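Everything numeric in this text was worked out from a predicted model, so none of it was measured. FYI, side chains are in, hydrogens and waters are out, and symmetry mates aren't considered; it's all heavy atoms of this structure. Whatever order the structure lists ligands and atoms in, that order sets their numbers, starting from 1.
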Amino acid sequence: MCFSYTQIVFNIPRGTRDFTPEDMQKRRYLEKSMSDTFNSFGYGEVQTPMFENLDLFTAKSGEGIIDEIYSFPDKGGRNLALRPELTAPVMRFYVEKMQMEPKPLKLFYFGNCFRYDRPQKGRYREFMQAGCELIGTNTPEAQAELIAMAYKLLENAGLKTITLSIGNLNILSVLFEKLGLSKENQKYLTPLIDKSQFEDVYDALVDFNVKPKDATAFLEILQSSDVEKISEYLKDNEIVKKELNDLKIITGLLENAFDVKDYEIKMSIVRGLDYYNGLVFEIEAPCLGAEKQLCGGGAYDLIELFGGRESPTSGFAIGFDRTLIALETEGYKFTIPQLDAYLISVNEDVLEKTLEIAQMLRKQKITTDVDLLRRGIGKSLKYASSINAKKAIIVGPKELEQDSVTIKNMETGDQEIVKIKDIVSKIK
Ligand code: AMP
């Protein structure tokens, strides 16, 4: 008889990744470090579904977002979307179930997000964000704490070189108004400003009939980190006065209370101009090159849009995957946990006893693995060494007669006979 079949090889979908046990240890390390930092600032963790009704995201970002996300009708004809970010879902959750909670409400999350992005290093179609929302306050101290927490999340995780930029969209709006730009023209300019394509901004301004002298002055302010200069340029505007005064308090607190001294004032930070409404900030890891933005955040208005009662909100999202790449690029030494003990039974007669000892060790929180292949002492020791076990425990009939086993230190090669009752203390 002759069988013929075509072998099918299944590939991982474009822009997604599989994670090995070693990858997962690094990811868990970062998750633990970040959740410890969130907790240390009094934040509580939340989780929302991986898919939402599509209109949640179109309400926040407009119909244009449909081209950038994964959306589909389900079998009941509902239009759903895999979440591209978590601010809208968390705000939906807040409006549905948490509006009565005492304020301020401090929520953090980890979650995978999905975007129909063009994949490259640091840009995926499935990626993870770590982020938070602060609901019920917009005092300068709240905003300073928020920015400081974003900075500390990255610093505490082990990153050495990050750059923090702080901007303000209310000031940017006043700058636009001063030039008499229509909303449509502003919309055209914002992506150019976001990408720091200032020559293109200049050309567009001139096309929009802005006098070259005014366009130059605008661009100078946009690229200036000098608060006094910005203040002088927009001195008659009350909104600007208040925002700059708050900015001074925020930066003072960052420097003196939170020890965050490296930052830059940058009015060219744009972000989602539609719902951000004042403070905005970004943190980058210069070592990452093109996809260097690790974190983006600020103050925004979404609650009323989602049918809730007005309350000031701010938050940020950190690219979890990029943070890991940045740590690796900087040469961060991840501690990979080692297996404490690898048990080898000399023959089948002592198998049950070997498994029993393994269980006893696990109960004592000693990480333990056992030879499950019956492959003999030599090969098992080789395997124990390949998985980087600290100790090998050889269980043989002769030693068992004395209620003992042989423990081999895999680093030094030293061997000793130890009573079963003393294994735990010997290994700990
Ligand atoms: P955003 O919600 O666009 O402000 O993104 C917040 C952070 O998520 C960014 O600063 C990036 O670090 C990260 N991020 C955004 N899009 C992607 C992506 N496609 N792949 C990996 N990380 C991303």
- Salt bridge flag under 4.0 Å for residues Lys241 and Glu238: yes

- Message: Please identify which of these residues, Leu164, Leu159, Leu327, meets the side chain to side chain contact (heavy atoms under 4.5 Å, CB included) condition with Leu154.
- Response: Leu159

- Message: Which residue and atom name correspond to the protein heavy atom nearest atom 20 (N) of ligand 1, and how close is it?
- Response: Tyr124 N, 2.9 Å

- Item | Heavy-atom pair of closest approach, residues Glu52 and Arg92 | OE2-NH2, 2.7 Å

- For atom 5 (O) of ligand 1, which protein heavy atom lies nearest, and how many Å away is it? Gln129 NE2, 3.3 Å

- Message: Please state which option from Asp117, Leu288, Thr323 has its nearest heavy atom closest to atom 19 (N) of ligand 1.
- Response: Asp117

- Going by the 4.0 angstrom heavy-atom rule, the piece of Arg115 near ligand 1 is side chain

- Please determine which of Thr190, Leu219, Val206 meets the side chain to side chain contact (heavy atoms under 4.5 Å, CB included) test together with Val201. Leu219

- Per side chain to side chain contact (heavy atoms under 4.5 Å, CB included), Leu179 is matched among Asn209, Val210, Leu189, Asn185 by Val210

- Leu294 neighbourhood, listing ligand 1 atoms whose heavy-atom distance to it stays under 4.0 Å: 10 (O), 12 (O)

- Just heavy atoms, cut-off under 4.0 Å: does Cys295 contact ligand 1 by side chain, backbone, both, or neither? backbone

- Query: Are any non-hydrogen side-chain atoms of Lys408 and Lys391 less than 4.5 angstrom apart?
  - Reply: no

- Query: atom 4 (O) of ligand 1: which protein heavy atom is closest, and how many Å away?
  - Reply: Arg271 NH2, 2.5 Å

- Message: With a 4.0 Å cut-off on heavy atoms, is Asp321 in contact with ligand 1?
- Response: no

- Note on the structure: Among non-hydrogen protein atoms, atom 13 (C) of ligand 1 lies closest to Gly319 CA, 3.6 Å

- Arg362, CZ: over 12 other non-hydrogen atoms inside 6.0 angstrom: yes

- Message: Counting only nitrogen or oxygen atoms and a 3.5 angstrom limit, does Gln293 reach ligand 1?
- Response: yes

- Query: How far is atom 22 (N) of ligand 1 from its nearest protein heavy atom, and which residue and atom name does that atom have?
  - Reply: Phe127 CD1, 3.5 Å

- Message: For the residue pair Thr20 / Asp23, report whether a side-chain donor-acceptor contact shorter than 3.5 Å exists.
- Response: yes

- Nearest-option assignment for atom 11 (C) of ligand 1, heavy atoms, candidates Glu68, Arg322, Glu291: Arg322

- Task: Sort out for me which residue in Tyr29, Phe320, Phe108 forms a side chain to side chain contact (heavy atoms under 4.5 Å, CB included) with Met34.
- Result: Phe320

- Message: I need the nearest protein heavy-atom contact for atom 21 (C) of ligand 1: residue, atom name and distance, please.
- Response: Gly122 O, 3.2 Å

